[in-house]
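Just so it is clear: chains get the letters A, B, ... in the order the sequence lines come, proteins before strands, and each one is counted from 1.
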Amino acid sequence: MPGSDYIAHVDVNSFYASAERAFNPSLEGVPVVVLSNNDGCVVTRTAEAKALGISMGEPWFKLAPRAKAWGLVALSSNYELYGDISARVMELLGRYSAWVEVYSIDEAFLGVNGTPERMRQLGRTIKDAVRRHVGVPVCVGIARTKGLVKLANKLAKHNPDFAGVCHWESIPEDARDGLMSRLSVVELWGVATRLTNRLNAMGIRTILDLKNANPVMIRDRFSVVLMRTVMEVQGTPCIPMEEERVGRDQLIFSRSFSTPVTTAAAMGQVMSVYAQQPSARLAKHGLQAKVLTAFAGTSHYNQDNISYPSVCVPLPMPTADPVLLHKAANSLCERIYEGVKYVRAGIMVTDLRPTGNQSPLELFENPHEERGIGTLLESVSKKYGRGSIGLGSAGVRGGPDWSMKRDMLSPRYTTHWDELLLVKAS
DNA sequence: TCGGACTAG
DNA sequence: AGTTCTAGTCCGA
């Protein structure tokens with residue numbers, strides 16, 4: 001990160017809910033939650049929803065009876081909208097630093113420098129620009145290490161004194177220690193419940209306790225990952241800024257069902273629909289897979305008839321071909337017990353490599369790809385909608401009854417002409 | 001090299 | 001009745 005001694009971390013507040021609010025002002029000031037796939041559990045809460053005591057991961061069916069009394073609005077995940085809003089935020093951030101690492105759908109690290117005053121001003125500029133041009137609220141943390149910058153962002157979010165921008169070194173040193181002595185180690189990046197329990201057992205409870213721990217002892221008793229965390233809160237950078245990752249090591253498509261699947265025949269239907277997703281995603285990234293793993297599972301909450309069948313199939317050649325993937329995934333059916341209630345299934349492709357440099361022999365052995373079936377499937381479903389065409393039993397009419405539930409879906413405001421927001425002037 | 005443990009978002 | 005999904009790193013077998 002040449003020329004940048006500092007890192008700014010920009011993070012959208014309650015991202016999914018804020019993206020919804022950008023197009024639906026009636027959600028402003030109201031408690032809003034966004035639900036996971038299948039409307040299963042809460043994945044995003046606004047400050048108002050948090051204030052009601054709603055926790056992350058809380059199942060919607062437990063919340064639903066109280067929603068009306070609370071004035072709580074629940075929405076299904078609208079990933080198409082969030083993806084587009086995310087792209088707009090990231091594009092905008094690119095104007096403020098030559099070094100942007102997009103870390104997740106709603107977060108980025110930016111290489112920055114300057115005097116404390118100038119960096120605080122830059123933070124405010126970014127915050128205002130994202131709000132004004134994209135319509136979502138962000139907070140900004142600025143420090144020398146990724147560990148501290150994530151902490152600074154958290155302070156900016158929860159402490160109104162910072163007004164959304166926290167430059168760590170602008171805080172006097174004794175006040176920084178005071179803040180760290182009041183925060184549990186769970187608040188740190190990379191520390192969750194398991195590590196917190198183990199650290200607490202050793203008497204390390206606060207971030208300040210951990211900062212004062214010996215990194216070598218931490219490495220020996222825990223791992224190099226936690227040692228790096230300790231050094232980062234001490235102010236020594238250990239986690240470098242990353243280049244954009246070009247390829248993936250693996251690609252997973254997995255979903256829970258709205259209704260359990262109980263027969264091998266139905267699972268075959270699931271596999272034929274599911275296989276088309278990794279196929280399309282591989283093609284999109286110009287990748288081919290050598291190995292496919294198909295899996296299914298019963299509910300974690302149902303203790304009888306537990307079953308987690310899986311098959312790992314070496315593919316005859318590196319491929320993204322839906323026909324070959326479907327055929328491989330279908331072998332999962334042999335592991336399905338009739339009558340057992342499977343609630344989820346998925347397909348994982350691994351050993352990925354870029355398309356091309358195939359030997360002529362492989363091309364000869366791979367007739368489907370040559371005929372462009374994947375591309376054909378994709379263009380037809382693009383034109384006539386998902387489910388309009390499919391391979392094998394995915395092509396059956398009537399529609400499967402196990403597909404995903406999304407009862408509270410908002411429009412795809414920014415990516416589909418027919419779902420554009422209508423504004424009336426009077 | 002593989003699978004399990006743990007984590008993030 | 002019902003409790004997400006994707007992807008990474010590290011570590012021990």
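Counting non-hydrogen atoms under 4.0 angstrom, A:Glu58 reaches nothing in the nucleic acid. Heavy atoms of A:Asp249 sit under 4.0 angstrom from primed sugar atoms or phosphate atoms, though from no base atom. Residue contacts shown for A:Phe15 are absent, as no nucleic acid heavy atom lies under 4.0 Å away. At a threshold of 4.0 angstrom between heavy atoms, the contacts of A:Ile105 with the nucleic acid are absent. Within the nucleic acid shown, A:Asn37 comes within 4.0 Å of sugar-phosphate atoms alone, with no base atom in reach, counting heavy atoms only. Residue A:Leu35 is classed as having no contact, given no heavy-atom separation below 4.0 Å to the nucleic acid.
Comparing B:dA8, C:dA7, C:dT3 by their closest approach to the side chain of A:Phe61 singles out C:dT3. For A:Leu195, the listed nucleotide lying nearest its side chain is B:dC6; candidates were C:dA7, B:dC6, C:dT3. Closest to the A:Val43 side chain, of the nucleotides C:dT3, C:dA7, C:dT4, is C:dT4. Listed candidates were B:dT7, C:dT4, C:dA7. Nearest to the side chain of A:Arg281 is C:dA7.
In the model, A:Glu80 has a side-chain atom that pairs as donor or acceptor with a side-chain atom of A:Thr415 under 3.5 Å. Using modelled atom types, one finds a donor on one side chain and an acceptor on the other under 3.5 Å when comparing A:Glu48 with A:Thr46. Side-chain polar atoms of A:Ser307 and A:Tyr342 form a donor-acceptor pair below 3.5 angstrom. In this model, no donor atom of one side chain and acceptor atom of the other lie less than 3.5 Å apart for A:Glu242 and A:Tyr103. Side-chain polar atoms of A:Gln250 and A:Thr350 form no donor-acceptor pair below 3.5 angstrom. Counting only N and O atoms by type, the side chains of A:Arg45 and A:Ser14 include no donor and acceptor under 3.5 Å apart.
Nucleotide C:dT9 holds its C1' atom 11 Å from the CD atom of A:Glu242, rounded to whole Å. Regarding A:Lys62, its NZ atom lies at a distance of 12 Å from the P atom of C:dT4, rounded to whole Å. One interatomic measurement links the two molecules: CG of A:Asn197 to C1' of B:dT7, which rounds to 14 Å at whole-angstrom precision. Here C:dG2 presents its P atom at 17 Å from CG of A:Asp407, a figure rounded to the nearest Å. Note: NZ (A:Lys284) to P (C:dT6) measures 13 Å, nearest angstrom. The CZ atom of A:Arg406 sits 12 Å away from the P atom of C:dC5 (whole-angstrom rounding). Between the NZ atom of A:Lys146 and the P atom of B:dA8 there is a distance of 15 Å, rounded to whole Å. Atoms CZ (A:Arg344) and C1' (C:dT4) sit 9 Å apart, rounded to a whole Å.
Along DNA chain C, the nucleotide nearest A:Lys341 and the nucleotide nearest A:Met404 are compared for position; the residue whose nucleotide lies closer to the 5' end is A:Lys341.
Across the P atoms, C:dT3 and B:dA8 are found 24 Å apart, a figure rounded to whole Å.
A:Asn214 meets the side-chain hydrogen bond (donor to acceptor under 3.5 Å, both in side chains) test with no other residue; sequence neighbours excluded.
Residues A:Thr298 and A:Val343 form no side-chain contact, since every pair of their non-hydrogen atoms from C-beta on lies 4.5 Å or further apart. Two residues are said to be in side-chain contact when any heavy atoms from C-beta on lie closer than 4.5 Å; A:Leu325 and A:Leu282 meet this criterion. Between A:Cys139 and A:Asn13 the shortest side-chain heavy-atom distance falls below 4.5 Å.
Phosphate proximity of C:dT6 to A:Ser254: present, with a side-chain N or O under 4.0 Å from OP1 or OP2. In this model, the phosphate group of C:dG8 is approached by a side-chain N or O of A:Arg248 to a distance below 4.0 Å at OP1 or OP2. Of the side-chain N and O atoms in A:Arg255, none sit less than 4.0 angstrom from OP1 or OP2 of C:dT4. Within the structure, a side-chain polar atom (N or O) of A:Ser256 is placed less than 4.0 Å from OP1 or OP2 of C:dC5.
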I'd like a table of atom pairs between the protein and nucleotides 10-13 of chain C - only N or O on both sides, under 3.5 Å - with the distance next to each one.
from: C:dC10; atom 1: OP1; to: A:Arg228; atom 2: NH2; distance (Å): 2.5

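The aromatic ring of A:Trp60 does not sit over the base of C:dT3; the criterion of centres under 5.5 Å apart with planes under 30° is not met.
Less than 4.0 Å separates DNA chain C from no heavy atom of any residue of residues 63-86 of chain A.
Taking the six-membered ring wherever Trp is involved, the centroid distance between the rings of A:Tyr79 and A:Tyr16 falls below 6.0 Å.
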